[in-house]
Amino acid sequence: MDTIIKVGMADLNVAREPDALTTLGLGSCVGVCLYDTKAKIIGMIHIMLPYSRDSKISSNPAKYADTGIPLLLNQMEEIGAQKKFMIAKLAGGAQMFNVVKSEFMNIGKRNVEAAKEVLDENGIKIISEDTGGNYGRTITFYSTDGRLEIKTIGRGVKII
């Protein structure tokens, strides 16, 4: 691995072998990680909300699953990735606070559902996920083998 490239909140990035991508502090947000297994090109997006249509201000497409995932796909294809060789891994989507009883306000769950819907529409198979719960995650995605490392406070490190 040469470089670990940071992906901020409501941000996305792509990388080629041997680089890696990382994002910190996934709570209700979802990290969608895409891997072209043939070209060894990876992409990561840190999604905050499920749908841009639910927001009055949607100037940042990377903030939403419905606009951010297609943007990530386009950026990966621009550097040589192909959808037919892509797989996906998801992490995050927690319900950090248990004060709300409304399903609508369970943003983490809705983020995961929206990400799955968009990936399905694009024919990309999700091969593993670590979603839900009530704890935060920091993830690092490696282009060399598509490994997604998930770190959580008090729960250790998990590889999916």
Side-chain angles (χ1 to χ4, degrees), residues 1-36 40-52 54-55 57-76 78-79 81 86-100 105-119 124 126-160:
M1 174 180 50
D2 281 353
T3 304
I4 297 179
I5 301 165
K6 192 171 180 181
V7 177
M9 187 180 285
D11 188 18
L12 60 86
N13 215 327
V14 298
R16 296 176 178 272
E17 185 179 30
D19 295 338
L21 298 168
T22 190
T23 194
L24 312 174
L26 290 171
S28 63
C29 296
V30 174
V32 176
C33 301
L34 303 178
Y35 182 53
D36 179 322
K40 296 198 183 252
I41 293 171
I42 57 174
M44 178 187 288
I45 184 167
H46 185 136
I47 294 169
M48 293 178 64
L49 294 168
Y51 299 104
S52 58
D54 296 337
S55 178
I57 302 170
S58 60
S59 60
N60 178 2
K63 188 174 182 180
Y64 307 95
D66 65 333
T67 52
I69 292 172
L71 181 62
L72 181 63
L73 287 168
N74 286 341
Q75 289 191 12
M76 290 179 70
E78 284 176 8
I79 64 169
M86 287 187 201
I87 51 103
K89 297 183 177 184
L90 306 178
Q95 183 167 359
M96 298 301 288
F97 306 103
N98 199 17
V99 294
V100 179
M105 294 305 292
N106 188 343
I107 300 298
K109 181 179 178 184
R110 292 180 55 229
N111 281 339
V112 171
E113 290 171 353
K116 287 180 176 179
E117 180 182 315
V118 175
L119 291 169
I124 298 174
I126 299 167
I127 64 162
S128 60
E129 65 180 285
D130 181 50
T131 58
N134 60 355
Y135 50 89
R137 297 165 172 93
T138 291
I139 60 174
T140 305
F141 193 39
Y142 296 91
S143 62
T144 52
D145 57 6
R147 171 176 33 109
L148 181 61
E149 180 183 88
I150 303 162
K151 293 180 181 175
T152 57
I153 294 174
R155 294 177 185 263
V157 178
K158 183 181 202 180
I159 305 289
I160 63 172

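Just so it is clear, the values below take in all heavy atoms, side chains as well, and ignore hydrogens, waters and symmetry mates.
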Report task. May I ask you to say whether Arg155 pairs ionically with Asp130, meaning some side-chain N is under 4.0 Å from a carboxylate O? Result -> no

Which atoms form the tightest heavy-atom contact between [X] and [Y], and what is the distance?
| X | Y | result |
| --- | --- | --- |
| Ala62 | Ile45 | O-CD1, 3.6 Å |
| Val30 | Gly108 | CG2-O, 4.3 Å |
| Leu24 | His46 | O-CE1, 3.5 Å |
| Arg137 | Ala94 | NH1-CB, 4.1 Å |
| Pro70 | Ala65 | CD-O, 3.9 Å |
| Pro61 | Leu71 | CG-CD2, 3.9 Å |

Only one of Val157, Ile160, Thr138 passes side-chain contact (heavy atoms from CB on, under 4.5 Å) with Glu149, and that residue is Val157

Only residue of Thr22, Ile150, Ile42, Val7 satisfying side-chain contact (heavy atoms from CB on, under 4.5 Å) with Phe141 is Ile42

Is any side-chain heavy atom of [X] closer than 4.5 Å to a side-chain heavy atom of [Y]?
| X | Y | result |
| --- | --- | --- |
| Lys89 | Ile139 | no |
| Val32 | Val118 | no |
| Met86 | Leu73 | yes |
| Asp11 | Thr23 | no |
| Asp54 | Leu49 | no |

Working for side chain to side chain contact (heavy atoms under 4.5 Å, CB included), residues Gln95 and Asn134: CA-CA 5 Å; Gln95 183 167 359; Asn134 60 355; 5.6 Å; no

Hey, is the main chain of [Y] close enough, under 3.5 Å, to the side chain of [X] for a donor-acceptor pair?
| X | Y | value |
| --- | --- | --- |
| Asn13 | Ile5 | no |
| Asn111 | Ser28 | yes |
| Lys151 | Thr140 | no |
| Ser143 | Asp19 | yes |

Nearest 0.5 Å, what's the [atom1]-[atom2] distance between [X] and [Y]?
| X | Y | atom1 | atom2 | result |
| --- | --- | --- | --- | --- |
| Asp66 | Ile47 | CG | CD1 | 9.0 Å |
| Ile79 | Asn74 | CD1 | CG | 12.0 Å |
| Thr67 | Tyr51 | OG1 | OH | 11.5 Å |
| Tyr35 | Met76 | OH | CE | 10.0 Å |
| Lys116 | Ile124 | NZ | CD1 | 15.0 Å |
| Met48 | Cys29 | CE | SG | 5.0 Å |

